[in-house]
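Just below is one structure, and these are the notes that go with it.
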Amino acid sequence: MAGTALTGTSVSELMAELADLDDPRAREINEKHGDDHGVNLGKLRAIAKRLKIQHELARELWDTGDTAARLLALLICRPKAFGRDELDTMLREARTPKVQDWLVNYVVKKNPHSEELRLAWFADSDPMVASAGWALTSERVVKQPEGLDLARLLDVIEAEMKDAPDRLQWAMNTCLAQIGIEHAEHRDRALSIGERLEVLKDYPTPPGCTSPFAPVWITEMVRRQHDS
């Protein structure tokens, strides 16, 4: 395959390398967030840099079902080479948060079927799948809002976010914040919804980081826009 390197590297060799890198302390921390691996992501990216793009190898790594292997697969695949149904299957197999996030952000967003998948996933009954639809919708809110009914999105957020499962709630909250940040005509309503629902109001936020509580997030990002 043109543009690849180390094409002789086998899945078994890579699985052994990933196993050697597994740190029990890192695994313990990751498991608190629902991720069942202990490989330092910087070291994982170094392996991907060494391998370069190897799409068939990526497919083989994905098929192992191992979380670290799947993260590596997402770094060495060709995002545009996946079919719509293949990506749908992969998302439904991606049961850990980090794999789902990387699949959506590194692959689906660069795939020609992204909008079709956004619409299908947004309405899915599985909250994990729906959260991916909301993540793609947030991307459109920022980069391509034409054709989106932002008022309707706010209606859904107002009605459903408070009681949504954690992953879906987080994705809906992100969409709420992005609407408030990017679209001044909807900002007051977005702030009002955030204040009333109080979703993530008490989320622990490290010093120097912006709270995910939508009113704080919106206000801070708008301030930065005005200061820049």
Side-chain angles (χ1 to χ4, degrees), residues 11 14-15 18 27 30-39 41 44-45 47-48 51 53-145 147-148 153 156-157 160-161 163-179 200 212:
V11 171
L14 288 170
M15 294 302 292
L18 292 172
R27 177 176 286 272
N30 288 335
E31 285 179 345
K32 293 178 181 178
H33 302 286
D35 290 309
D36 56 350
H37 77 94
V39 179
L41 296 181
L44 194 75
R45 292 181 187 278
I47 296 173
L51 293 171
I53 300 300
Q54 298 195 51
H55 192 72
E56 292 309 314
L57 179 59
R59 279 198 167 107
E60 292 179 45
L61 285 167
W62 182 272
D63 287 343
T64 67
D66 179 79
T67 293
R70 285 184 163 180
L71 292 173
L72 180 58
L74 295 171
L75 294 174
I76 67 170
C77 71
R78 294 189 186 279
K80 294 180 180 179
F82 291 109
R84 180 214 180 279
D85 291 345
E86 189 174 11
L87 288 174
D88 183 73
T89 298
M90 289 170 71
L91 181 73
R92 294 174 194 280
E93 294 174 345
R95 304 312 299 187
T96 62
K98 185 65 70 177
V99 172
Q100 182 190 345
D101 286 345
W102 282 23
L103 176 62
V104 171
N105 288 303
Y106 297 168
V107 179
V108 178
K109 287 180 180 179
K110 301 174 182 178
N111 184 275
H113 301 289
S114 60
E115 178 62 11
E116 184 182 352
L117 288 168
R118 181 188 76 83
L119 292 169
W121 291 344
F122 187 88
D124 200 275
S125 59
D126 182 334
M128 189 280 293
V129 175
S131 71
W134 278 92
L136 292 171
T137 299
S138 293
E139 174 90 347
R140 275 206 57 188
V141 166
V142 176
K143 295 185 176 180
Q144 193 184 358
L148 289 180
L153 285 174
V156 177
I157 291 168
E160 300 179 12
M161 182 172 73
D163 298 319
D166 288 349
R167 291 277 298 165
L168 179 54
Q169 184 184 71
W170 186 277
M172 294 174 81
N173 183 74
T174 299
C175 191
L176 172 66
Q178 296 295 2
I179 291 173
L200 300 176

With side chains defined as the heavy atoms from C-beta onward, is the minimum distance between [X] and [Y] less than 4.5 Å?
| X | Y | result |
| --- | --- | --- |
| Ile76 | Ile47 | no |
| Leu136 | Leu119 | no |
| Arg92 | Thr89 | no |
| Leu71 | Val39 | no |
| His37 | Leu41 | yes |

Before you tell me yes or no, could you show the steps for Glu86 and Arg59 under salt bridge (charged side-chain N to carboxylate O under 4.0 Å, His left out), namely the whole-Å CA-CA distance, both residues' side-chain angles and the distance that decides it to 0.1 Å? CA-CA 11 Å; Glu86 189 174 11; Arg59 279 198 167 107; 2.7 Å; yes
Looking only at heavy atoms, what is the nearest atom pair of [X] and [Y], with distance?
| X | Y | answer |
| --- | --- | --- |
| Ala130 | Phe122 | CB-O, 4.1 Å |
| Cys175 | Leu153 | SG-CD1, 4.3 Å |
| Met172 | Ala164 | SD-CB, 4.1 Å |
| Ala69 | Thr64 | CB-OG1, 3.4 Å |
| Pro97 | Gly34 | CD-O, 3.4 Å |
| Thr137 | Leu148 | O-CD1, 4.2 Å |

Closer than 3.5 angstrom, by distance alone: can the side chain of [X] be matched with the main-chain N or O of [Y] as a donor-acceptor pair?
| X | Y | result |
| --- | --- | --- |
| Ser114 | Lys110 | no |
| Gln144 | Val141 | no |
| Asn105 | Asp101 | yes |
| Arg167 | Pro127 | no |
| Asp124 | Val129 | no |
| Asn173 | Pro212 | yes |
| His33 | Asp35 | no |

For the pair Glu115 and Arg140, evaluate salt bridge (charged side-chain N to carboxylate O under 4.0 Å, His left out) and give the outcome as yes or no after the intermediate values. CA-CA 9 Å; Glu115 178 62 11; Arg140 275 206 57 188; 2.9 Å; yes
Please evaluate residues His55 and Cys77 with respect to the criterion side chain to side chain contact (heavy atoms under 4.5 Å, CB included), reporting the C-alpha separation (whole Å), side-chain torsions for both, the decisive distance (0.1 Å), and the verdict. CA-CA 4 Å; His55 192 72; Cys77 71; 3.7 Å; yes
Would you please indicate if the ring centroids of His113 and Phe82 are separated by under 6.0 Å?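 They do not qualify: ring centres at least 6.0 Å apart.
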Could you grab the distance from atom [atom1] of [X] to atom [atom2] of [Y], nearest 0.5 Å is fine?
| X | Y | atom1 | atom2 | answer |
| --- | --- | --- | --- | --- |
| Asp85 | Met90 | CG | CE | 13.0 Å |
| Thr96 | Asn30 | OG1 | CG | 9.5 Å |
| Glu116 | Asn111 | CD | CG | 9.5 Å |

Flag if over 12 foreign heavy atoms under 6.0 Å of CG, Asp166: no
Report the C-alpha distance between Leu74 and Leu61 in whole Å, list the side-chain angles of each, state the deciding distance to 0.1 Å, and finish with yes or no for side chain to side chain contact (heavy atoms under 4.5 Å, CB included). CA-CA 9 Å; Leu74 295 171; Leu61 285 167; over 6 Å; no
Would you kindly say whether Gln100 and Ser131 are connected by a side-chain donor-acceptor distance under 3.5 Å? yes
Pair Asp126-Trp121, side-chain donor/acceptor within less than 3.5 Å: no
May I ask you to decide whether Asp66 forms a salt bridge with Arg70, counting only side-chain N to carboxylate O separations under 4.0 Å?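 Looking at Arg70 together with Asp66, the answer is no, because their closest N to O distance does not fall below 4.0 Å.
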Can you list the steps and then say if Trp102 with Leu75 is a side chain to side chain contact (heavy atoms under 4.5 Å, CB included)? CA-CA 9 Å; Trp102 282 23; Leu75 294 174; 3.7 Å; yes
Test side chain to side chain contact (heavy atoms under 4.5 Å, CB included) on Leu168 and Met128; report intermediate values, then the result. CA-CA 6 Å; Leu168 179 54; Met128 189 280 293; over 6 Å; no
